[in-house]
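First up is the structure itself, then whatever we jot down about it.
The shown structure was predicted, so the numbers you read here are calculated from the model rather than taken from an experiment. Chain A is the first sequence line, chain B the second, and so forth, proteins listed ahead of strands; every chain is numbered from 1.
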Amino acid sequence: KAGVTQTPRYLIKTRGQQVTLSCSPISGHRSVSWYQQTPGQGLQFLFEYFSETQRNKGNFPGRFSGRQFSNSRSEMNVSTLELGDSALYLCASSFKLPGQGTSEQYFGPGTRLTVT
Amino acid sequence: AQKITQTQPGMFVQEKEAVTLDCTYDTSDPSYGLFWYKQPSSGEMIFLIYQGSYDQQNATEGRYSLNFQKARKSANLVISASQLGDSAMYFCAMREEGSARQLTFGSGTQLTV
C-alpha cells in the first residue's frame with residue numbers, strides 16, 4: 001500500500017507570493033492533518049480535515065488555509081508569504097477520525113518551503 | 001504550559017546497547033493517546049509506537065517499547081539493541097481525545113548511535 005505522498009518536495013518562493021501544497025493520503029484514510037515544522041517553533045498543528053470538512057484548526061493566521069476533496073486528497077494554501085513561513089510542511093493521514101479509537105497518523109515526506 | 005516535555009536534547013548510545021528517551025506529558029483529559037515518531041535527516045516522520053491512556057500493558061513494537069507510567073505522566077521510549085540506523089530525531093506526541101484532537105509534539109531528542 002502506498003504511503004502518504006506530498007508534492008512538491010521542495011519549493012522556493014518570494015515574499016508576497018502565494019503557494020499551494022498537495023497531500024494524497026494513504027488509500028482508505030479519510031482524515032488528513034497538516035503540520036508546520038521550524039527549528040524555532042518545532043512541530044505545530046495547522047489544521048485537520050475529515051470528509052471534506054475542517055474539523056480542527058491550529059493557531060495560525062488566516063493566510064494559511066486548506067481544503068479536502070472528495071477523494072480525501074488535501075491542499076493547503078499560504079497567501080502573502082513571509083520569510084517566517086519557511087518551514088517543512090508535513091501532512092499526515094489516519095484511518096479513523098481522532099477520538100474514535102486508536103488513530104495513529106502516518107506522515108508524508110514533507111514539502112520544504114523556502115521563502116526569500 | 002508545555003503539554004509534552006522532552007528534557008534530553010541529545011543522547012548518545014553505543015551499538016547493541018539499549019537507550020531510554022524521556023517524555024513527560026500534562027493533560028486533564030482522561031482519554032488520550034501517546035505516540036513516538038522517528039524523524040531521520042530526510043524529514044519524514046515515521047510512526048513507531050502508540051499507547052492509549054486506558055491500556056493496561058506497555059506497548060511494544062519490535063525493538064521499541066513504551067514505558068508508560070500514568071501516575072507520573074511519563075511515556076518513555078526504550079530502544080533495545082541500538083543500530084546505526086536508529087540515529088535520528090525522536091518526537092513524543094500526545095493526542096487528547098476531547099476538544100483538542102490534534103497531535104501535540106515535544107521538542108524532540110536527537111539520538112546518535
Side-chain angles (χ1 to χ4, degrees), chain A residues 2-6 8-11 21 23 26 29 31-50 53-60 66 87-114, chain B residues 2-10 23 27 29-57 59 61 64 66 68 75 77 88-110:
Chain A
V4 178
T5 58
Q6 291 186 246
R9 292 292 311 278
Y10 302 92
L11 205 50
L21 311 181
C23 170
I26 291 171
H29 285 194
S31 175
V32 173
S33 298
W34 289 88
Y35 296 84
Q36 182 198 62
Q37 185 177 26
T38 60
Q41 299 297 318
L43 277 151
Q44 295 186 91
F45 171 77
L46 280 157
F47 23 67
E48 173 194 9
Y49 286 88
F50 181 82
T53 301
Q54 188 180 89
R55 297 300 176 117
N56 206 354
K57 190 177 191 304
N59 188 25
F60 278 82
L88 179 67
Y89 289 88
L90 292 160
C91 165
S93 76
S94 61
F95 177 69
K96 293 178 179 178
L97 179 65
Q100 296 179 346
T102 303
S103 54
E104 56 263 31
Q105 292 188 334
Y106 296 90
F107 284 78
T111 294
R112 191 166 293 279
L113 172 65
T114 302
Chain B
Q2 288 280 351
K3 289 203 168 187
I4 295 284
T5 303
Q6 294 181 255
T7 57
Q8 306 154 315
C23 173
T27 181
D29 193 328
S31 180
Y32 53 90
L34 296 159
F35 303 79
W36 277 92
Y37 286 87
K38 170 185 177 182
Q39 187 177 42
S41 56
S42 60
E44 184 171 356
M45 298 285 283
I46 302 168
F47 167 74
L48 296 177
I49 197 166
Y50 164 84
Q51 178 87 40
S53 58
Y54 295 116
D55 293 341
Q56 296 295 318
Q57 293 189 325
E61 290 286 348
Y64 304 106
L66 199 153
F68 181 47
L77 176 71
M89 184 72 88
Y90 288 80
F91 291 95
C92 179
M94 176 176 66
R95 182 200 308 285
E96 296 161 299
E97 303 296 354
S99 59
R101 297 177 299 188
Q102 70 268 23
L103 281 174
T104 301
F105 287 86
S107 56
T109 296
Q110 179 68 48

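Interatomic distance, B/Glu44 CD to A/Leu88 CG, rounded to the nearest 0.5 Å: 10.5 Å. Taking CE from B/Met45 and SG from A/Cys91, the interatomic distance works out to 13.0 Å, rounded to the nearest 0.5 Å. The distance from atom CZ of A/Arg9 to atom OG of B/Ser42, rounded to the nearest 0.5 Å, is 7.5 Å. In this structure, the separation between CD on A/Gln37 and CZ on B/Phe91 is 5.0 Å, given to the nearest 0.5 Å. Separating the OG1 atom in B/Thr104 from the CD atom in A/Gln44 is a distance of 10.5 Å, to the nearest 0.5 Å.
The shortest side-chain heavy-atom distance between B/Gln39 and A/Leu90 falls under the 4.5 Å cut-off.
Here A/Gly108 is the residue among A/Gly58, A/Gly110, A/Gly42, A/Gly108 with the most heavy-atom pairs under 4.5 Å with chain B.
Taking A/Phe107 as the reference, A/Tyr35, B/Tyr37 meet the ring pair (Phe, Tyr, Trp, His ring centres under 6.0 Å) condition, with sequence neighbours excluded.
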